[in-house]
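All values below come from the heavy atoms of this structure, side chains included, with hydrogens, waters and symmetry mates left out.
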Amino acid sequence: MKKLSILLAAAILTLTAAGCGNNSNNGNNSGSEASNKPSESANATSEASTAPKKDVKIKVFQFKVEIADALNRMAEEYEKETGVKVEVETHGGGEDYNALLKAEIASGSEPEIFNSEGYAALEAYYDRATDLSGEPWAKDVIPAAAGPAQVDGKLLGMPMNIEGYGIFYNKDLFEKAGITTLPKTLTELEDAAKKLQAAGITPFSTTNEWWSIGHHTINVGLAEQPDPIAFINGTKDGSANFKDNDVFKKWINYVDVVFKYSQKDKLTTDYATQVANFASGKAAMIQQGNWIQGDVDKVAKLNVGLLPIPIDDSGNAHIYTGPANFWIVNSKSKNAEEAKKFLDWMVTSDTGKSYLTKEFKFIPALTSIKPTADEIGQMGVAVSEQAATAGGWHWGRYPDGVPQGWGAAMQEYQGGSIDKDQLFDKLEKAIQDIVAK
């Protein structure tokens with residue numbers, strides 16, 4: 001199987017374009033500074049294997065439910081090789097990970113490693129995030145994947161992976177409904193939904209989870225702005241709003257199509273059920289990312305494709321890519337050095353790299369890890385193929401609390417208790433409630 005060098009190069013180019021100059025705490029030199037340091041990955045891995053430490057425990061507090069089982073297995077492998085126990089605690093899906101992490105820290109329990117998004121979400125942890133610029137793997141990080149965690153020339157986290165989302169569709173169900181031309185516009189997407197419905201197939205599997213219909217869906221409207229950063233800053237200082245914005249006036253029409261043609265019990269459908277419905281063929285389309293590959297594979301080997309998300313009939317639709325999250329090493333932990341060794345092992349050892357690609361189904365954020373198409377699956381390949389024209393991820397540019405407010409407003413709109421004007425008002429209020437504090 002050929003390595004995905006060409007496809008991943010496209011992803012690199014896209015992320016570089018999306019990430020350059022967008023970080024208000026820009027530390028673009030940190031990547032080049034790290035690249036000037038000699039590689040010590042082989043030595044670090046060797047030391048971890050030959051000099052195991054006993055009675056050492058590393059706690060990992062992480063949000064990615066899709067990899068929870070595999071991450072636990074990887075932790076067991078690490079303990080076998082090094083004698084260091086890695087305890088994994090996972091909180092995601094319908095849980096508010098950020099609130100739980102803050103509660104964990106407030107209780108006096110300091111995990112050695114935890115997840116955080118970059119940009120504004122990372123600010124709360126500046127006093128804990130260890131500078132990882134000098135780590136042996138840092139020279140291999142795709143520059144724009146590191147961007148959201150670069151502050152004042154320091155790399156404050158290891159990017160977890162690269163992900164992308166759009167509308168994944170079941171090719172077999174499309175064929176059954178007689179859909180021979182893939183929809184490229186919003187009108188064509190609704191026409192396809194009507195054909196699926198007429199064939200007795202539920203068009204969309206959607207969810208009521210705040211994070212999915214909140215920041216993922218709203219990001220579409222942010223990313224499609226002529227200047228996303230300017231618009232975002234405008235919504236913070238009050239010079240721009242959702243209700244009067246031409247892009248969001250189109251965006252709401254896409255939202256309406258998805259909600260109109262989704263399953264009847266969408267108001268009570270959690271993330272796991274949403275993915276299971278798609279995986280079992282109960283619905284033909286799902287707005288999610290390549291992170292669902294592993295969960296889908298547990299149910300069935302689907303023949304899937306990826307559609308860009310159209311908000312109008314221009315034919316200029318996109319998927320959206322970015323670094324999923326970051327592994328943060330807690331400087332306040334007495335085992336911070338052991339935590340750094342674990343992360344190094346994860347991305348340099350054969351065992352760790354195998355888990356990242358084969359088990360986690362990750363598109364790596366490091367150029368030194370080159371997966372095959374079989375390893376990352378159809379969804380990862382599909383994202384890589386469209387990465388060169390993808391839009392970026394922008395919800396992390398808002399402080400914690402804003403996306404949660406968006407999600408609550410979207411849940412109300414999904415349930416029909418508010419109209420679109422009220423939705424836009426609530427989206428703006430969610431920003432001002434946090435920014436004004």
Problem - Separation between OH of Y126 and CG of L156, rounded to the nearest 0.5 Å - result: 7.0 Å
Practice task
Keeping the roles fixed (side chain from T367, backbone from D140), state whether a donor-acceptor pair exists under 3.5 Å.
Solution key: yes
Exercise for the section: Compare all side-chain heavy atoms of L423 with those of E412 and state whether any distance is below 4.5 angstrom. Expected result: no
Completion exercise
Taking every heavy atom of K353 against every heavy atom of I369, the minimum-distance pair comes out as CD-CG1, 3.7 Å
Exercise for the section: May I ask you to decide if G164's main-chain N or O and N290's side chain share a donor-acceptor pair within less than 3.5 Å? Expected result: yes
Handout entry: F174 and K195, any side-chain heavy atoms less than 4.5 Å apart
Key = no
Problem - The single option from L356, V347, I162, T348 passing side chain to side chain contact (heavy atoms under 4.5 Å, CB included) against L366 - result: V347
Problem - Test log, rule salt bridge (charged side-chain N to carboxylate O under 4.0 Å, His left out), inputs K243 and E428 - result: CA-CA 9 Å; K243 187 180 296 184; E428 291 158 15; over 6 Å; no
Exercise for the section: Ignoring hydrogens and angles, tell me if any N or O in the side chain of K361 forms a donor-acceptor pair with the backbone of E375 under 3.5 Å. Expected result: yes
Fill in the blank from the handout: Between the CD1 atom in I311 and the CZ atom in F248, the distance rounded to the nearest 0.5 Å is 8.5 Å
Problem - L122 vs F326 side-chain heavy atoms within contact, under 4.5 Å - result: no
Exercise for the section: Hey, could you give me the NZ/OG1 distance between K332 and T130, rounded to the nearest 0.5 Å? Expected result: 10.0 Å
Exercise for the section: Could you check Y254 against W251 for ring-ring contact (aromatic ring centres under 6.0 Å, His included), going step by step and ending with a plain yes or no? Expected result: CA-CA 5 Å; Y254 162 71; W251 166 87; 8.1 Å; no
Exercise for the section: Take the angle between the ring planes of Y165 and W393 and call it parallel below 30°, perpendicular above 60°, tilted in between. Expected result: tilted
Practice task
For the pair N72 (side chain) and A68 (backbone), establish whether a donor and an acceptor sit closer than 3.5 Å, ignoring hydrogens and angles.
Solution key: yes
Problem - With F114, the ring-ring contact (aromatic ring centres under 6.0 Å, His included) member among F63, F61, Y125 - result: Y125
Practice task
Would you kindly say whether D374 and T372 are connected by a side-chain donor-acceptor distance under 3.5 Å?
Solution key: no
Practice task
Test side-chain contact (heavy atoms from CB on, under 4.5 Å) on N245 and Q225 and set out the steps.
Solution key: CA-CA 9 Å; N245 183 261; Q225 299 293 326; 2.8 Å; yes
Fill in the blank from the handout: Closest heavy-atom pair, L307 versus P183, reported as atoms and distance to 0.1 Å, is CD1-CG, 3.8 Å
Problem - Among Q62, E76, K59, the one residue meeting side chain to side chain contact (heavy atoms under 4.5 Å, CB included) with V88 - result: Q62
Problem - Polar side-chain atom of S349 near backbone of M346 as donor-acceptor pair, under 3.5 Å - result: no
Exercise for the section: Please say whether more than 12 non-hydrogen atoms of neighbouring residues, nucleotides or ligands are located less than 6.0 Å from NZ in K420. Expected result: no
Exercise for the section: Ignoring hydrogens and angles, tell me if any N or O in the side chain of S331 forms a donor-acceptor pair with the backbone of R128 under 3.5 Å. Expected result: yes
Completion exercise
In W210, W291, W211, the residue satisfying ring-ring contact (aromatic ring centres under 6.0 Å, His included) with Y271 is W211
Problem - Audit row: H216, W395, ring-ring contact (aromatic ring centres under 6.0 Å, His included) steps and yes/no - result: CA-CA 8 Å; H216 281 172; W395 62 83; 5.2 Å; yes
Handout entry: For the student: nearest non-hydrogen atoms of L173 and I201, plus distance
Key = O-CD1, 3.7 Å
Practice task
Determine whether K260 and F204 make a side-chain contact, defined as any pair of heavy atoms from C-beta on separated by less than 4.5 Å.
Solution key: no
Handout entry: Pair D400-N98, side-chain donor/acceptor within less than 3.5 Å
Key = yes
Practice task
Establish, yes or no, whether a centroid distance under 6.0 Å links the rings of F278 and F168.
Solution key: no
Problem - Minimal non-hydrogen separation, N208 against Q411, with atom names - result: O-NE2, 2.8 Å
Practice task
Look at the side chain of N219 and the backbone N and O of G392, then say whether any donor-acceptor pair between them is shorter than 3.5 Å.
Solution key: yes
Exercise for the section: With the side chain counted from C-beta on, respond yes when P310 and K184 share a heavy-atom pair under 4.5 Å apart, and no when they do not. Expected result: no
Practice task
Give a yes or no answer on whether the side chain of T217 reaches the backbone of S212 with a donor-acceptor pair at less than 3.5 Å.
Solution key: yes
Completion exercise
Rounded to the nearest 0.5 Å, the CE atom of M160 sits from the CG atom of N115 at a distance of 4.0 Å
Handout entry: Test side-chain contact (heavy atoms from CB on, under 4.5 Å) applied to T235 and Y398, step by step
Key = CA-CA 10 Å; T235 62; Y398 289 95; 2.7 Å; yes
Handout entry: Chi angles and distances behind the side-chain contact (heavy atoms from CB on, under 4.5 Å) call for T351, W345
Key = CA-CA 8 Å; T351 303; W345 176 88; 3.7 Å; yes
Practice task
Give a yes or no on whether the backbone of D172 and the side-chain of N303 come within a donor-acceptor separation of less than 3.5 Å.
Solution key: no
Problem - Centroid-centroid under 6.0 Å between F242 and F231 rings - result: yes
Problem - Closest non-hydrogen atom pair, Q378 against L302 - result: OE1-O, 2.6 Å
Handout entry: Shortest non-hydrogen separation from E117 to A324 and the atoms involved
Key = CG-O, 4.5 Å
Exercise for the section: Please indicate whether E87 has more than 12 foreign heavy atoms, meaning atoms of other residues, nucleotides or ligands, lying under 6.0 Å from its CD. Expected result: yes
Exercise for the section: Ignoring hydrogens and angles, state whether a donor on the side chain of S109 or E104 is under 3.5 Å from an acceptor on the partner side chain. Expected result: yes
Practice task
Report yes if some heavy atom in the side chain of Q293 is under 4.5 Å from a heavy atom in the side chain of I376; otherwise report no.
Solution key: no
Handout entry: T202 side chain to Q263 backbone, donor-acceptor under 3.5 Å
Key = no
Exercise for the section: Answer yes or no: is there a side-chain heavy-atom contact under 4.5 Å between I67 and F362? Expected result: yes
Exercise for the section: Mind checking the CD-CG spacing from E224 to D312? Nearest 0.5 Å is all I need. Expected result: 8.0 Å
Practice task
Compute both the distance and the angle, then confirm whether K194 meets the cation-pi test with Y261: under 6.0 Å from the six-membered ring centre, within 45 degrees of the axis.
Solution key: no
Problem - Check against side-chain contact (heavy atoms from CB on, under 4.5 Å), I218 and M410 - result: CA-CA 9 Å; I218 290 170; M410 287 290 284; 4.0 Å; yes
Handout entry: Neighbour count >12 (heavy atoms, 6.0 Å) for atom NZ, K236
Key = yes
Handout entry: Q288 and M379, any side-chain heavy atoms less than 4.5 Å apart
Key = no
Problem - From OG (S262) to CD (Q287), nearest 0.5 Å - result: 11.5 Å
